[in-house]
Amino acid sequence: MSEARYRRLFETARDGLLILDGETGKVLDVNPSLTSMLGRPREGLVGRPFWEIPLFRLSSLPRTLLTEALRDGRVRCEELTLTGADGRHLDVEFLCHAYEADGRPVIWGNVRDVTTRNAVVHQLRHLNEMQARFVAEASHEIRTPLTIVLEAMRQALEGLAGPLTPEQRALLEMGYQGAERLRVVVNDLLDVSKLEAGRAAIRRDAVDLADLIREIERLFAARVRAKGVTLKVECEPASVPISIDRNRIHQVFTNLVSNALKFTSSGSITVRARDRGQEVECEVADTGVGIAETDLPKVFSRYLQFGEPWTGPEGGTGLGLAIAKSLVELHGGRIRVQSALGKGTTFTFTLPRLGADEALSDRIEAILAELRRPGRELVLTLVRIETEMARETLYGALQKEAERQGYAAVRGGRGLAIFQDADPFRLGETAEGLKRVVRSFFFEQSVEAKRAIRYEIGMAVFPRDGSYAADLVSRAEADLDSERTRRLARRILIVDDDPVVVSTLTEILQQLGYLHVVSARDGVEGMARIQETLPALILLDMRMPRMNGYEFIGWLKHNARTATIPLLIITAYEVEPDKLDEEGGVTVFPLLKKPFGPDDIERWVRYLI
Amino acid sequence: MPKKILIVDDEPQIAMLLNARLRANGYEVLAAYDAIQGFRLAVQSAPDLILLDLRMPAGGGAGMFENLKNNLQTALIPVIFITAYANDDVEKACRESGAADVIRKPFEVDEVLRKIRRVLKEPDPPGGATSPPR
């Protein structure tokens, strides 16, 4: 009876099911779903060794499957392509178990059609790539004609093309102002695009907020006066040092004050900064028309619907506040608004102090006190990571390994400091070893987080580079900066005959800061480029005219100078391991399938160089 | 003697506008529309400064920069990159790679002239005038 039940399950299962004899590899049974997937009748399959059935495209796979299944008890293969008798291809996920039945080894296989799922994932990646490409292209394609318009009009207005009649001047001024407005809108849109895609990063520097606010005051002085409004600036205390991205916070203030100015026609606008130790509280308050309570929740959203017409010619996208919010949050701060109709509006935002870069120094000092011994040399590796979560995860991972690997790690602020014993003659190796561990770690983390994680590594040696924490940290930070410069100065060669791909990759790489990107249309041109200057990384397509990817890899690997250059294969096609093996002596290469996004490129390039 | 500036940009209108602006400010100007022509002109005419569009097709901008730095005749000519990428990372990377400065598109004329003067070590004109009076 239970036999009948299982039989029924087998016959009605949606996944394809396959039972094989573990010793002979012969098919013992197949279910209707599988026969329908394969487009073959049951009779044609049962009794035949399964590698004789052209189930999967890569013929070497099935035999090894058998041995693996028998050895490990279980094998899972994703992304196999099943070929039906009518030539149809299906993406399938194949899972098999080996077990014993009546003293004989039996292998049970589950074949699931994932074509639809793959198509959706493919679509999503494609959209992602398109969006990223749009932002990259838009930057250039929009800004260039805008530059031309603005500059041409300006030159005409300044009389460089000769004297103007009043009518001509009036027209040109209209055009120029229109273009200026467009420029503001474009910047807002591109900002928002980048912020949304999570691709904006902040760079912190020591800034005096009091200075910044005074600059804002100067910037708006004329406009405010013209409207008959007073602009006040207050700072407690007179100097507020903080580590922030100056340009971005400047933008936040500008957006808030512009906004205040738009809605205030009499009275005052006050800009304040209050130092609260752990954080700085900033405020932009106005005595303008105020915001209705029902509209308050919508204030920071991208889509601004207030139902109130703008007063005056100052248009705008309404994105200014949304951008301000994103920028404040990128700094780890919060922003809020208080307002009532007729009572004016106050925007308040906080900028937390990391302060703990000092904390890191203290902790390093403490650890040095413990580890210090006459004659002992230690390598200090400083890893600076912007994202809190990645820091925590790396710290956790290091703590686990610490005892076994003989390192000690501390953290503080944006950084992690790792100490290892150093053999003075093998400092380079020790340093490289840890760098490799960190790079692999971040590579995996980026895959999980589905975005590239930004980090930098710098090193210093105790006591050679200093016996005090502050000196060591300084040295490590200097090393970190120059390491970054060296990294971004490395030459990247793209070998691909599709100019669109080359252009996209070049944009992405240049936006990441890699300036030295060159390209070749095929293996032959690639060889010429390499003869000129050795690249640090090669991005390679496989199908090209004159000399394809496989042959090019063959040439690279057989040439001592080029054999060790890291390669990243970027392709829409399947890569054939047999061919790779033949040419390159290896069957596995870093591989990125199209469509790809800028995050994928960033993640791989960061890992490889 | 007027200083000579070489502009290399694959957008002829940008080159033309910059040309007009720079001439109006007393500089002698040469223009090239691709990396090959640009490099050749740099070698032939020994400009005092090169304005180089970073994003010319197929990595031309970066390629030309490399060529300039690898060539004894041109290695010491200061280069200012022009870029549409409004990105701090890119700016810093440009400077660190040996460029004398970076100009972002759309450009502020005053800023452009100021940067050029600074790189050429010229004093600012009194009153900060950037163009002939109307």
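What you are looking at is a predicted structure, and each value in this text was computed from that prediction instead of being measured. Convention: sequence-line order gives letters A, B, ...; per-chain numbering from 1.
- For the pair L160(A) and R21(B), the tightest heavy-atom approach, listed with the atom from each and the gap, is CD1-NH1, 4.2 Å.
- Between Q13(B) and the choices I148(A), V149(A), T147(A), the side chain to side chain contact (heavy atoms under 4.5 Å, CB included) rule is met once, by I148(A).
- For A489(A), no part sits under 4.5 Å from any heavy atom of chain B, backbone or side chain.
- For CZ of R529(A), the number of neighbouring non-hydrogen atoms (other residues, nucleotides, ligands) closer than 6.0 Å is greater than 12.
- Atom CD1 of I36(B) has 12 or fewer heavy atoms from other residues, nucleotides or ligands within 6.0 Å.
- Taking the salt bridge (Lys or Arg N to Asp or Glu O under 4.0 Å) definition, one finds that R490(A) meets it with nothing, sequence neighbours left out.
- Chain B forms more heavy-atom pairs under 4.5 Å with one residue of R491(A), E532(A), H516(A), E151(A) than with any other, namely E151(A).
- With rounding to the nearest 0.5 angstrom, the CG atom of L515(A) is 8.5 Å from the CZ atom of F65(B).
- Residues R104(B) and R143(A) are not in side-chain contact: their nearest non-hydrogen atoms beyond the backbone lie 4.5 Å or more apart.
- Contact annotation for L150(A): only side-chain heavy atoms (C-beta onward) come within less than 4.5 Å of a heavy atom of chain B.
- In terms of modelled atom types and a separation under 3.5 Å, the side chain of Q155(A) and the main chain of L17(B) share a donor-acceptor contact.
- Across K105(B) and T144(A), no two heavy atoms sit closer than the pair NZ-OG1, 3.4 Å.
- In terms of heavy atoms, L54(B) sits closest to Q510(A) at O-NE2, 4.1 Å.
- Top candidate by heavy-atom pairs under 4.5 Å with chain A, chosen from R23(B), E11(B), M16(B), is E11(B).
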